[in-house]
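The sequence lines fix the lettering, A, B, ..., with proteins before strands; numbering per chain opens at 1.
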Amino acid sequence: AEDNAEYALWLGDDSLILAQRLSWWISRAPEMEEDVALGNIALDLLGHARSFLTYASKQWGKTEDELAYWREEEEFRNLRLTEQPNGGFGETIARQLYFAVYQELLYTRLVQSTDSTIAAISAKALKEVAYHVDHATQWCLRLGMGTDESARRLQHALNLMWPYVGELFQDEPLNERIAAAGIGPLPSSLREEWDQRVSAVIEESELQVPQAKAAMAHSRAGDHSEHLGYLLAEMQVLARKHPGASW
Amino acid sequence: AEDNAEYALWLGDDSLILAQRLSWWISRAPEMEEDVALGNIALDLLGHARSFLTYASKQWGKTEDELAYWREEEEFRNLRLTEQPNGGFGETIARQLYFAVYQELLYTRLVQSTDSTIAAISAKALKEVAYHVDHATQWCLRLGMGTDESARRLQHALNLMWPYVGELFQDEPLNERIAAAGIGPLPSSLREEWDQRVSAVIEESELQVPQAKAAMAHSRAGDHSEHLGYLLAEMQVLARKHPGASW
Amino acid sequence: DEGRAAFDAIIAADGRIEPRDWMPDDYRKTLIRQVSQHAHSEIIGMQPEANWISRAPSLKRKAILMAKVQDEAGHGLYLYSAAETLGASRDSMVEALIEGKAKYSSIFNYPTKQWADVGAIGWLVDGAAIMNQVPLCRASYAPYGRAMVRVCKEESFHQRQGFEILLSLANGTPAQKAMAQEAVDRFYAPALMMFGPPDDASPNSTQSMEWHIKRFSNDDLRQRFVGMIAEQVKVLGLTLPDPELRFDEDSKKWIHKELDWVEFMDVIKGNGPCNAQRLERRREAHEDGAWVREAAAAYAAKQSKKMQEIA
Amino acid sequence: DEGRAAFDAIIAADGRIEPRDWMPDDYRKTLIRQVSQHAHSEIIGMQPEANWISRAPSLKRKAILMAKVQDEAGHGLYLYSAAETLGASRDSMVEALIEGKAKYSSIFNYPTKQWADVGAIGWLVDGAAIMNQVPLCRASYAPYGRAMVRVCKEESFHQRQGFEILLSLANGTPAQKAMAQEAVDRFYAPALMMFGPPDDASPNSTQSMEWHIKRFSNDDLRQRFVGMIAEQVKVLGLTLPDPELRFDEDSKKWIHKELDWVEFMDVIKGNGPCNAQRLERRREAHEDGAWVREAAAAYAAKQSKKMQEIA
């Protein structure tokens with residue numbers, strides 16, 4: 001059960017940190033329809049995060065908010081991709097494409113998890129994630145085939161986010177135990193299908209699949225990029241000024 | 001002495017917050033020479049801030065760091081202009097022009113303060129501020145008369161920062177007492193010369209002096225814009241994680 | 001003048017005007033102005049609350065706040081659509097906003113300085129908005145009325161959420177309760193001013209009431225509102241910053257303190273604490289997003305050309 | 001071949017080559033590569049430390065850190081100037097850096113995850129840099145040597161400041177001491193690798209030593225460095241993450257643990273934790289600043305034209 005909780009924490013942290021990033025766009029998107037669309041995606045992710053963190057927190061006799069607001073940077077388990085800065089709209093879309101396809105493949109497998117809570121959360125989330133994939137795909141096509149400038153910008157963004165893709169498929173010792181127990185897939189087992197699907201979108205968008213190698217990363221052990229500290233300072237500042245308060 | 005300390009706090013907070021803003025540019029400036037130049041200005045301002053805050057803190061049996069790291073947003077006394085976001089280089093230069101000219105006029109008067117500490121700090125700072133004025137002036141000329149794009153950008157930046165100028169010259173009850181005691185000038189008494197000098201730079205740069213009216217503001221009473229909270233969350237995060245620690 | 005006769009008859013019967021119907025130019029202009037201002041208020045109104053999304057103190061509150069601010073974008077979209085049925089283009093309306101030529105509710109030019117402000121905005125600002133908007137569901141211009149029905153449904157939800165935020169704070173730690181009171185103190189007068197100037201200083205209202213766009217006068221609505229919050233504040237265990245506030249049995253009216261209409265006009269004119277910031281944020285989002293909108297338009301054009309070639 | 005004879009004579013006499021002197025193409029190329037890499041390292045090296053300026057935990061430390069990072073910009077400028085005396089343009093060097101075609105010290109591709117890292121960088125990274133650079137003050141190419149004299153003076157100041165940061169932490173609260181130890185643990189091996197591959201795997205070193213650019217081999221310098229920090233770490237009351245570390249009396253050498261040269265090469269090739277981030281930040285600053293540099297150039301051209309017209 002410790003493993004299940006830790007695994008749920010990983011899943012929850014990915015969605016929480018990405019939701020925190022995406023929510024910045026609400027009131028700043030390139031069109032008002034996108035304030036709504038990116039807001040929806042952020043809300044969906046925050047919903048997944050809350051479900052997973054609530055599940056994890058019970059194991060440790062805590063609450064979702066204790067996990068979100070009172071852990072230190074090195075206790076967070078989210079992947080580096082999710083903590084990358086929003087950059088411009090192109091960077092956000094590139095990050096969305098990579099992450100949403102990953103999450104869809106992952107949740108598709110988790111629906112069959114031997115952990116019935118994880119299976120149930122994933123089943124509910126899967127419908128939402130299908131929309132996230134579609135949203136990112138449509139924007140890739142529009143930007144890739146829109147204007148020369150938009151193609152150039154999206155290509156740059158795809159390249160920029162690529163070094164953080166490798167980590168999505170990195171098998172950790174916990175993953176081995178999770179896979180052995182039938183709770184979830186080995187990350188590496190998702191790579192091939194991810195490559196096919198993402199390459200197909202990028203190629204249909206008339207852009208190049210990036211070639212860069214993966215950046216060294218070990219986020220599941222709490223080893224983060226320089227970006228996460230700033231994100232957490234902002235996210236946690238108010239809650240930490242009022243220890244023990246209810247909201 | 002309470003008045004002297006409070007006044008020193010105002011002066012210190014202005015320089016501290018602007019130094020915090022400016023220091024962001026170190027490693028991000030448009031040319032490496034500007035990493036050095038903006039870094040110098042930020043360092044000078046931080047130096048003034050430390051002198052004034054140290055002076056203020058003694059009155060209250062505190063340290064400069066207790067004032068910088070352990071006050072809440074509404075306890076900060078800096079002017080709104082100093083907390084405005086850096087924006088691009090144009091916005092930073094516009095803010096510098098407005099603030100540096102103000103500070104030079106102010107320190108010139110403070111050199112004759114009946115408070116010998118304030119007079120001494122100001123005398124030392126004045127030489128540095130003369131360089132800040134020159135730096136901002138030179139960049140106004142370059143951007144104003146450089147390219148069409150740079151002129152457009154700087155004009156926008158000058159307009160954007162203008163609403164926060166009015167507050168620089170707003171007389172507060174404390175200012176009346178400070179002026180009566182010969183400690184410092186009434187802010188309103190600096191306005192005419194400021195207008196002349198800033199207008200001269202803007203006109204020489206072949207740009208228009210902005211016309212907008214002042215935004216309502218009462219920063220000396222702790223009433224800040226939405227920007228300050230984010231700045232403080234970042235500035236104070238580490239110190240607050242280690243209450244009572246020495247560094 | 002068959003058109004005018006039909007129009008007058010519909011108004012007289014308290015019926016609804018549809019986009020295809022004839023309508024007087026002034027009616028159209030008044031509506032375009034009102035509906036677009038209303039849309040702008042939704043869009044600009046996202047900013048003060050969005051200011052707390054990243055720092056919301058619990059995940060539940062964060063989710064509720066995100067949904068709320070996102071709803072406001074949706075409201076803006078319905079309302080721009082309603083204005084478009086009157087012949088105004090969204091681009092021209094957005095441009096007028098960014099250039100500072102259009103108005104929006106002046107309350108959004110005040111900063112949200114602390115978390116409790118999100119509660120105060122929900123309770124007081126959305127509360128005042130609903131008071132204004134419920135009668136607009138019956139506005140004579142049908143698309144506006146229909147948009148308001150959707151908007152009001154969500155707004156009343158938002159108001160309840162704002163009230164709940166304040167209730168939690170008021171029942172929380174002393175620091176939380178002080179924060180709630182301080183927010184109510186700051187937003188009370190600006191919220192009362194949301195109904196606009198007193199009736200004797202509001203010259204356009206009469207025509208709008210004759211056209212059945214407006215149904216109640218500014219002061220009438222303000223009366224209802226202040227009566228409502230005077231009751232609700234007791235439940236919160238907070239106070240309103242108005243020692244003069246009382247119900248006068250003789251006139252059957254609420255007496256409240258004098259409002260600062262000089263400040264109100266000053267904020268309307270652009271000199272509030274955040275006017276420049278709000279417009280700059282909108283301008284920046286619009287300008288930074290230009291390449292994205294251009295790409296979407298170019299892609300759509302290419303796709304439709306491709307479709308035609310196939311056909 | 002008078003030129004070559006003169007060059008050889010100067011080198012043989014351990015003299016100095018000036019920019020106007022004849023020099024072999026390979027000597028010039030080697031120096032351009034080395035000096036520009038060194039300049040790039042200063043410029044990229046600003047980023048990991050700048051990461052803590054806004055969050056420095058005391059105003060004194062903030063001031064010291066700002067001054068340090070700013071000094072690094074200054075070092076970059078001297079070094080680009082030195083490289084320019086060899087005929088390389090600063091624009092082309094900067095472009096090569098941004099396009100990922102130029103190298104810089106691989107240590108800067110590791111993140112600064114916490115405040116103590118600033119101390120560890122000062123103590124270990126600047127310490128290793130000084131060990132490398134002091135002999136370069138006597139490099140045969142005179143402008144490089146002169147630049148290094150200025151750089152070394154400031155670097156030794158920086159190293160002392162880094163040591164002081166760690167000393168304060170090591171004598172601070174348990175959390176501070178743990179932070180200091182953790183930073184030392186992370187930066188120890190990368191700092192040892194700053195001297196480059198072992199001598200038997202460093203083919204270019206011999207030629208550089210013959211030209212009196214380099215004075216000591218990679219392993220020699222690494223030896224001195226590890227000996228120095230093995231002593232200093234005792235003053236800190238911390239440990240080095242190397243249980244094998246000892247001075248071997250027989251060989252008169254320090255024995256340290258095996259270093260991970262596979263990781264080293266991987267980071268050099270661009271796959272370290274922060275390579276992409278470091279280059280993107282530099283690219284972004286360069287691109288965002290393009291309009292400023294263009295304006296400055298246009299203004300300068302206009303001014304000089306005006307001067308000519310007056311003359």
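Proximity to chain B involves both the backbone and the side chain of D/A63, based on heavy atoms less than 4.5 angstrom apart. Both the backbone and the side chain of D/L59 come within less than 4.5 Å of a heavy atom in chain B. Using a 4.5 Å cut-off between heavy atoms, B/A49 makes no contact with chain D at all. The contact between B/L46 and chain D is made entirely by side chain atoms (from C-beta outward), counting heavy-atom distances below 4.5 Å. At a 4.5 Å heavy-atom cutoff, the contact between B/V237 and chain D is made by side-chain atoms alone. In this structure, no portion of D/I44 lies under 4.5 Å from any heavy atom of chain B. Using a 4.5 Å cut-off between heavy atoms, B/A42 contacts chain D through both its backbone and its side chain.
Within a 6.0 Å sphere centred on CD of B/Q208, other residues, nucleotides and ligands contribute 12 heavy atoms or fewer.
The two residues B/P30 and D/V292 come nearest to each other via the heavy atoms CB-CB, 3.8 Å. Minimum interatomic distance between D/M66 and B/L43 (heavy atoms only, all atoms of both residues): CE-N, 3.4 Å.
When the candidates B/L231, B/L141, B/L53 are compared by the number of heavy-atom contacts under 4.5 Å with chain D, B/L141 comes out ahead. Between chain B and the residues D/A298, D/P57, D/G289, D/A285, the most heavy-atom pairs under 4.5 angstrom are made by D/P57. Listed options D/A297, D/G172, D/G74, D/A67 were ranked by heavy-atom pairs under 4.5 angstrom with chain B; first place goes to D/A67.
Remark: B/L22 CG to D/I53 CD1 distance equals 11.5 Å, nearest 0.5 Å.
With sequence neighbours left out, the side-chain contact (heavy atoms from CB on, under 4.5 Å) criterion links D/A276 to A/P163, A/Y164.
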What donor-acceptor contacts under 3.5 Å connect chain B and chain D, backbone and side chains included?
residue : atom : partner : partner atom : Å
B/Q20   : OE1  : D/K62   : NZ           : 2.6
B/Q20   : NE2  : D/S54   : O            : 2.9
B/S27   : O    : D/R282  : NH2          : 3.4
B/S27   : OG   : D/R281  : NH1          : 2.6
B/P30   : O    : D/R293  : NH1          : 2.8
B/E33   : OE1  : D/R90   : NH2          : 2.9
B/E33   : OE2  : D/R90   : NH1          : 2.8
B/E33   : OE2  : D/R90   : NH2          : 3.4
B/V36   : O    : D/Q70   : NE2          : 2.7
B/N40   : OD1  : D/Q70   : NE2          : 3.0
B/D65   : OD1  : D/L59   : N            : 2.9
B/Y69   : OH   : D/A56   : O            : 2.6
B/Y69   : OH   : D/S58   : N            : 3.3
B/Y69   : OH   : D/S58   : O            : 3.4
B/M145  : O    : D/K302  : NZ           : 2.7
B/G146  : O    : D/K302  : NZ           : 2.9
B/E234  : OE2  : D/S54   : OG           : 2.5
B/S246  : O    : D/Q176  : NE2          : 2.8
B/W247  : O    : D/R61   : NE           : 2.6
B/W247  : O    : D/R61   : NH2          : 3.1

